[in-house]
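Structure record follows, encoded as structure tokens.
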There are 2 protein chains.
Amino acid sequence: MSETKTRSRPSGKAEPGEPAFDLPPMGSIIGYKLRRAQLAVFQDFLNAFARMKLRPAEFSVLALIAERPGQKQTEIAEKLGIKRANFVALMDGLERRGLAERQKAMGDKRSHALRLTVEGSAFVKRMLAVWNEHENGLIEKLGGPAERDRLIVLLDRLLARSGE
Amino acid sequence: MSETKTRSRPSGKAEPGEPAFDLPPMGSIIGYKLRRAQLAVFQDFLNAFARMKLRPAEFSVLALIAERPGQKQTEIAEKLGIKRANFVALMDGLERRGLAERQKAMGDKRSHALRLTVEGSAFVKRMLAVWNEHENGLIEKLGGPAERDRLIVLLDRLLARSGE
DNA sequence: TATTGTTATACTCTATAACTATA
DNA sequence: TATAGTTATAGAGTATAACAATA
């Protein structure tokens with residue numbers, strides 16, 4: 001299907017001395033720019049949360065537990081695209097810091113119901129305040145909430161039917 | 001500066017039984033969606049280049065050498081955000097496969113001028129053909145070249161003045 | 001038999017310090 | 001003194017296999 005949508009230049013013949021390749025400008029490559037932007041955003045996140053010593057994965061785990069307490073490890077790990085084996089050390093860290101805990105579930109004795117501790121709830125409140133500042137900074141860079149929404153729509157298109 | 005642009009819901013009081021947090025919907029978090037989209041695009045890249053055994057970093061190094069032969073390692077590494085120490089093994093791999101080579105530079109005897117081999121030039125031609133298919137697939141997903149351009153513009157805004 | 005959490009392990013990426021040979 | 005390339009090393013992140021307890 002389809003002709004070359006990738007090139008912008010009319011494909012003229014290479015001049016002498018020039019390389020014989022019709023190359024993408026690098027700054028227009030979707031995957032490349034996506035990666036650089038993601039790294040920049042994560043770096044901004046790490047700067048914002050340096051004082052709280054919180055990494056993106058820990059943020060999202062705490063957010064999911066806060067949103068719906070009692071979920072089991074596999075559920076949260078799957079939602080975040082984390083292998084359950086790698087989730088163990090992550091959860092160990094949150095438990096060691098006294099922010100979240102594993103409780104024995106009512107029905108299934110194999111699984112753990114994950115909950116925030118009292119200290120963890122206070123932590124999450126501060127975490128969300130910091131996150132709001134961080135996120136609003138990104139939204140301003142993008143040009144406002146409408147531009148943010150446009151970005152999300154485009155990224156969702158890249159994610160659609162990728163795993164199906 | 002500025003009020004909360006992050007929330008979409010009117011911040012009503014929490015109902016009994018609901019968690020006491022006003023949480024972001026996770027799917028609307030810029031960094032989170034950015035990361036998932038980047039992983040999906042890279043996975044698509046890896047699938048496309050599985051047969052050629054080429055990873056994104058190797059692709060971009062070959063593309064930069066092809067674009068302007070004779071550049072030295074530090075130049076290319078910096079353009080790609082790779083530490084020069086980590087660039088060594090990457091370049092070793094390309095050299096071992098006979099795709100690119102280190103030549104002694106004319107002026108500075110410390111530096112290496114990087115060039116494609118004859119075999120490497122042929123490889124890059126095939127590489128660019130595969131890449132065009134991959135990239136056009138992404139552009140179709142986005143809804144066409146205009147949507148791709150809009151995405152690049154938004155990602156550039158996230159990258160602007162981040163490191164200054 | 002299948003699933004939950006776990007351990008052990010390995011591989012990739014990334015980051016830093018220190019060395020050498022040149023400049 | 002500083003720079004280009006290199007080595008060694010350590011830390012994240014991620015992937016798989018296998019096990020015990022439970023379903």
Side-chain angles (χ1 to χ4, degrees), chain A residues 31-32 34-36 38-43 45-47 49-50 53-61 65 70-96 100-115 163, chain B residues 31-32 34-36 38-43 45-47 49-50 53-61 65 70-96 100-115 163:
Chain A
Y32 179 75
L34 212 42
R35 183 180 127 85
R36 300 306 283 261
Q38 185 256 310
L39 288 175
V41 167
F42 268 47
Q43 193 52 58
F45 181 101
L46 289 173
N47 294 340
F49 282 100
K53 290 205 180 300
L54 197 70
R55 284 165 301 174
E58 296 167 327
F59 171 91
S60 53
V61 169
I65 296 177
Q71 292 176 92
K72 53 186 182 177
Q73 298 189 182
T74 306
E75 286 174 335
I76 291 184
E78 267 178 15
K79 284 181 186 172
L80 297 175
I82 299 171
K83 290 283 181 303
R84 73 188 194 283
N86 297 325
F87 188 85
V88 176
L90 219 177
M91 189 62 203
D92 285 347
L94 296 176
E95 206 162 24
R96 223 179 305 114
E101 55 186 8
R102 296 162 160 109
Q103 293 182 342
K104 42 190 172 207
M106 353 87 285
D108 195 328
K109 284 177 193 168
R110 294 169 302 179
S111 64
H112 296 156
L114 303 184
R115 305 199 176 277
Chain B
Y32 179 75
L34 212 41
R35 181 179 129 85
R36 301 307 285 261
Q38 186 255 310
L39 288 175
V41 167
F42 267 47
Q43 192 53 56
F45 181 101
L46 289 173
N47 294 340
F49 282 100
K53 291 207 179 302
L54 197 69
R55 284 165 301 175
E58 296 168 326
F59 171 91
S60 53
V61 169
I65 296 178
Q71 293 177 89
K72 52 187 185 179
Q73 296 189 184
T74 306
E75 287 174 334
I76 290 184
E78 267 179 15
K79 284 182 186 173
L80 296 176
I82 299 171
K83 290 282 182 301
R84 72 188 195 286
N86 296 326
F87 188 85
V88 176
L90 218 178
M91 188 62 204
D92 284 349
L94 296 177
E95 208 162 22
R96 223 179 304 114
E101 54 186 7
R102 297 161 159 109
Q103 293 181 341
K104 41 191 171 208
M106 353 89 287
D108 194 328
K109 283 178 193 167
R110 294 170 302 181
S111 63
H112 296 155
L114 303 185
R115 305 198 176 279

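Order of the sequence lines fixes the chain letters, A, B, ..., with proteins taken first and strands second; residue numbering starts at 1 for each chain.
- Boundaries of the chain B contact region on DNA chain D are D:dA2 to D:dT14, first to last in 5' to 3' order (nucleotide atom under 4.0 Å from a heavy atom).
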Which donor-acceptor pairs under 3.5 Å do the side chains of residues 75-88 of chain A make with protein atoms, sequence neighbours left out?
| from | atom 1 | to | atom 2 | distance (Å) |
| --- | --- | --- | --- | --- |
| A:E75 | OE1 | A:K72 | N | 2.9 |
| A:K79 | NZ | A:Q71 | OE1 | 2.5 |

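- Residues that satisfy the ring-ring contact (aromatic ring centres under 6.0 Å, His included) test with B:F45, not counting sequence neighbours, are B:F49, B:F59, B:H134.
- Nearest approach of B:F42 to A:G31, heavy atoms of both residues: CE1-O, 3.5 Å.
- Partners of B:R102 according to the side-chain hydrogen bond (donor to acceptor under 3.5 Å, both in side chains) rule, which considers only residues two or more places apart in sequence or in another chain, are B:Q73, B:D92, B:E95.
- For B:Q103 against B:E101, the heavy-atom pair with the smallest separation is NE2-OE2, 3.3 Å.
- Heavy-atom minimum distance, A:R115 versus A:G70: NH1-N, 3.6 Å.
- Residue A:L114 holds its CG atom at 9.5 Å from CG of A:L94, rounded to the nearest 0.5 Å.
- One axis for each end of the helix from C:dT1-D:dA23 to C:dA23-D:dT1, each built from five base pairs, and the angle between them comes to 10° at 10° resolution.
- You'll find the side chain of A:V41 stays beyond 4.5 Å of the side chain of A:Q38, heavy atoms only.
- Contacts of A:L39 classified as side-chain contact (heavy atoms from CB on, under 4.5 Å), with partners at least two apart in sequence or in another chain: A:R35.
- C:dA8 atom P lies 12 Å from atom CG of A:D92, rounded to whole Å.
- Mapping A:M91 and A:L39 onto DNA chain C by nearest heavy atom places A:M91 at the nucleotide closer to the 5' end.
- Of the residues in residues 101-112 of chain B, B:G107, B:D108, B:K109, B:R110 come within less than 4.0 Å of DNA chain C through at least one heavy atom, sorted by number.
- A heavy-atom distance below 4.0 Å to DNA chain D is reached by these residues of residues 73-87 of chain B, ordered by number: B:Q73, B:T74, B:R84, B:A85.
- Looking at residues two or more places apart in sequence or on another chain, you find a salt bridge (Lys or Arg N to Asp or Glu O under 4.0 Å) between A:R110 and A:D108.
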CA sep, side-chain torsions, deciding dist, call: B:L46, B:Q43, side-chain contact (heavy atoms from CB on, under 4.5 Å)
CA-CA 5 Å; B:L46 289 173; B:Q43 192 53 56; 4.2 Å; yes
